[in-house]
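Just so we're on the same page: letters track the sequence lines, and every chain starts at 1. From a predicted model like this one, the values you see are computed outputs, not experimental measurements.
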There are 2 protein chains.
Amino acid sequence: MSFVNLKQLAGELGLSSSTVSRAMRDSYEISTATRERVQTVARQLNYQPNPFAGSLRNNVTKTIGVVLPQVDNHFFSLAINGIEEVAQQNGYHVLIYLTHDSGEQEKAVAKYLTGGRVDGVLMALASGTRSVAHLEKLRQRGLPLVLFDRVSDSLNTATVTTDDYTSSYQATEHLLRAGSRTIAHLQVSGTLSIGNKRLHGYMAALHDHRIPYDAGLVLNGSGSNADSLRKIKNLLQQRPDIDGIFASVERLALSSYQACQQLGRAIPQDIKIVGFSNMETASLLAPSLTTITQPAYAIGKEAARILFQSIIKHKPVLPAHSMVLKSELVARASTATL
Amino acid sequence: MSFVNLKQLAGELGLSSSTVSRAMRDSYEISTATRERVQTVARQLNYQPNPFAGSLRNNVTKTIGVVLPQVDNHFFSLAINGIEEVAQQNGYHVLIYLTHDSGEQEKAVAKYLTGGRVDGVLMALASGTRSVAHLEKLRQRGLPLVLFDRVSDSLNTATVTTDDYTSSYQATEHLLRAGSRTIAHLQVSGTLSIGNKRLHGYMAALHDHRIPYDAGLVLNGSGSNADSLRKIKNLLQQRPDIDGIFASVERLALSSYQACQQLGRAIPQDIKIVGFSNMETASLLAPSLTTITQPAYAIGKEAARILFQSIIKHKPVLPAHSMVLKSELVARASTATL
DNA sequence: TTGAAAGCGTTACCAC
DNA sequence: GTGGTAACGCTTTCAA
């Protein structure tokens, strides 16, 4: 077993590097005979082209960067599945970076990425992100960028999101119809647009049902799971009139379950709960959880598809390429009417 | 905002590329004055070294490859968290590849990786993997390789695993003590060592409790979720005497729940269930699931740590570096005695 | 303390 | 149809 480079392979074949290079890439200007001879020997000698030499020469990395807040989360891991699949189809490699929802880490990653390590970037913003200046740099550098799920509107690029406003409106209305009157809203971030849209859907539903908006019912649930649990328990104790919870992310729905369990509140009798979630096992919870399910896998695929169209056609990613996919409300026992 | 390379930066400074290169890398042979001047201007001009030029020159990629069967799975996503953290600490980038449990895809990925794209590889084998010849090539190429969780013993390298035999023994014994007598075992793979160890722990516990081993109670649950569900339902219908299930992976435990739900078998009254799982929400299931929880995050961290020690010290990864971490059995309602 | 030049492995232009 | 050569951006001898 040996490992050779192009030059050695050429030597072995009694050909020049240029010819071998062309033969390996199925160039039309090479005779079928030599092409086959070259490829056979290349296989025998286990020739593998050095990817960095090619990248250096052609300014093409065949790699995309994926920047995510977390991965231990059904939404993001499904999205990665979609992304990876499209990347593999296109012969691309996937670099993954986790920000753990820290704006600082996101900045650091963006800086790496401006170094030219990738041909394009897919990103879901960290909840800790305030400014998007670091992403502007990416774009100035000419790197296509597609944001998904946790997006910013102040960036002149494509986004792939779900109909957050509408589905939040529906979720809230669902609670109202099930009989809830005092509905808490658990946010994941006050700064990301996703947080705002979900909040506004909630507010609009309340308004349409003539229920006054009460800012004291909106909780920012960022931080660790333990933090969230504590905050939710506090809220439920201070506001015993709460009879419904709308959790804007899966994690907070589950923390709500735990809070209710620990405080002895019965779901759905005392409190009804609905949450965004991509758990396959929502139906196996006690009680089964009413969810708004996002098409996470499709989101990943579409975001990747938009990115690759830009990369391959050498055209910028435009806001006009943005997509909005539909989420689905699945009613289960946690919002059952009594 | 401009983007410059080393030569342009040198031109701007009125210095040679060599000097600037040295100054950027804090070489001792550069005067403090010039070093600071260089670094200041570099920051101003937004200089980012081309990573491929460096890799080509130094034969170092500052990148590791992580090859996984799936990522939409609590165990693997927690492991990635651990891996990514250690990689970031060491200033390394992480390329991720999903095999979807296909041996063919794993081979293809291994081939990419032998191309010199990474400095080392972390891997959990696909259940579809039969031979490990493609991994031998990685090692012959001189690439450090650390296997975790789904490992092969026939490869002369380090592995990070949990005490699968012991915890399977405990899980089975737990079911026996809870009163189960006819216990099905749901395997994920008959070929991976993890499958064998878990099977043998199960068999040993049966043996020690003088219960004859019955091969008809062992089910191979590979394939899609729908496949698994169908197989499990079949088994339960053909063998109505089954009063216990030991699922060797999380997915199969959940499919068992669904099977029982659909067949109207009560857990734990009719059938008791224990499964390997890293779900945070095992306690929220109906009924709450008795689990063997693996230290997934720690496994990822340790595997990465072993890999980086090898990369940084330029020493091979040896079987002697292997680690076995402990899993924890958490008894919950799904195995409660009546 | 600094500079010139070779070379990492590949591709693409230009000859032939 | 094939070969020579320059160039991608960087680091590292070797010289000065």
Asks: Do you know which of L13(B), L15(B), V20(B) makes side-chain contact (heavy atoms from CB on, under 4.5 Å) with V41(B)?
Replies: L13(B)
Asks: Just call it for T34(A): base, sugar-phosphate, or nothing, with non-hydrogen atoms closer than 4.0 Å on any strand.
Replies: sugar-phosphate
Asks: Taking C-beta and beyond as the side chain, do T191(B) and T129(B) meet within less than 4.5 Å on heavy atoms?
Replies: no
Asks: Indicate yes or no: at least one non-hydrogen side-chain atom of H100(B) is less than 4.5 angstrom from one of Q105(B).
Replies: yes
Asks: Which residues pass the side chain to side chain donor-acceptor pair (under 3.5 Å) test with H321(A), sequence neighbours left out?
Replies: none
Asks: Give the rounded distance in Å between these two atoms: NZ of K62(B) and C1' of dC10(D).
Replies: 16 Å
Asks: Summarise how protein sits on nucleotides 9-16 of chain C as a single string, 5' to 3': B when a protein heavy atom is under 4.0 Å from the base, S for sugar-phosphate-only contact, - for no contact.
Replies: BBBBB---
Asks: Could you work out, with ring-ring contact (aromatic ring centres under 6.0 Å, His included) as the rule, every residue matching H74(A), not counting sequence neighbours?
Replies: H74(B)
Asks: Can you list every pair that meets side chain to side chain donor-acceptor pair (under 3.5 Å) and has a residue in residues 52-68 of chain A, with sequence neighbours left out?
Replies: T61(A)-D119(A)
Asks: Does dT2(C) have OP1 or OP2 under 4.0 Å away from a side-chain N or O of S31(B)?
Replies: yes
Asks: How long is the line joining CG of L13(B) and P of dT1(C), in whole Å?
Replies: 18 Å
Asks: Is the phosphate of dT2(D), meaning OP1 or OP2, less than 4.0 Å from a side-chain N or O of T19(A)?
Replies: no
Asks: Is the shortest side-chain heavy-atom distance between H93(B) and Y112(A) below 4.5 Å?
Replies: yes
Asks: By the salt bridge (Lys or Arg N to Asp or Glu O under 4.0 Å) test, which pairs, at least two apart or in different chains, include something from residues 73-88 of chain B?
Replies: E85(B)-K301(B)
Asks: If we fit an axis to the first five pairs and another to the last five of the helix from dT1(C)-dA16(D) to dC16(C)-dG1(D), what angle do they make, to the nearest 10°?
Replies: 40°
